[in-house]
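Note sheet for the following structure.
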Amino acid sequence: LKNYDPQREKRFAGTFRLPAVPRPNLKCCMLGNAAHCEQADRIGIDHMSVEDLKKLNRNKKLVKKLAKKYDFFLASDNMIKQIPRLLGP
């Protein structure tokens, strides 16, 4: 759609379910506080807390292994600033 801004114009409303899932086997990991880790456990998503990240001890090999294991990460808002400090740059 050319020259269409969905924020400004509300001509179309609703959602559309695709017939096939684009990427069905995505692996996700939740980096979060206790409450978010509990929610991730309830819905069956892998999760890591601050203590789990501290165990990696800024070891580059372990951090790279963790990054290759998952397709994407979700993080709690209060943990986003701590991640570079825990895992390294």
Q: Indicate, with yes or no, if L74 and M79 share a hydrophobic cluster defined by side-chain heavy-atom contacts under 4.5 Å among Ile, Leu, Val, Met, Phe, Trp and Tyr.
A: no
Q: Flag yes if F73 and L86 sit in one hydrophobic cluster, no otherwise; membership is Ile, Leu, Val, Met, Phe, Trp, Tyr, and two members link when side-chain heavy atoms are under 4.5 Å apart.
A: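 F73 clusters together with L86.
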Q) What are the two closest heavy atoms between H47 and A40, and how far apart are they? A)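 Looks like CB-CB, 4.0 Å.
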Q. Restricting to pairs with a member in residues 71-80, which pass side chain to side chain donor-acceptor pair (under 3.5 Å), not counting sequence neighbours?
A.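 Sorted result for residues 71-80: H36-S76.
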Nearest-0.5 Å distance, [atom1] of residue [X] to [atom2] of residue [Y]:
X   : Y   : atom1 : atom2 : value
C37 : E51 : SG    : CD    : 9.0 Å
N33 : Q39 : CG    : CD    : 9.0 Å
L56 : L66 : CG    : CG    : 6.0 Å

**Q.** Residue pairs fulfilling salt bridge (Lys or Arg N to Asp or Glu O under 4.0 Å) with at least one residue in residues 36-50, sequence neighbours excluded
**A.** K27-D46, E38-R42
Q | With sequence neighbours excluded, residues passing side-chain contact (heavy atoms from CB on, under 4.5 Å) with D52 | A |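 Partners of D52 under the side-chain contact (heavy atoms from CB on, under 4.5 Å) test: M48, S49, K55.
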**Q.** Partners passing side-chain contact (heavy atoms from CB on, under 4.5 Å) against I43 (at least two apart in sequence or in another chain)
**A.**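 Checked I43 against side-chain contact (heavy atoms from CB on, under 4.5 Å); matches are I45.
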Q: Side-chain contact test, heavy atoms from C-beta onward, threshold under 4.5 Å: evaluate it for Q82 versus L53 and give yes or no.
A: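 When only atoms from C-beta onward are counted, L53 and Q82 do not touch, as no gap falls below 4.5 Å.
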Q: Supply the members, apart from L18, of the Ile/Leu/Val/Met/Phe/Trp/Tyr cluster built from side-chain contacts under 4.5 Å; use none for a lone residue.
A: F16
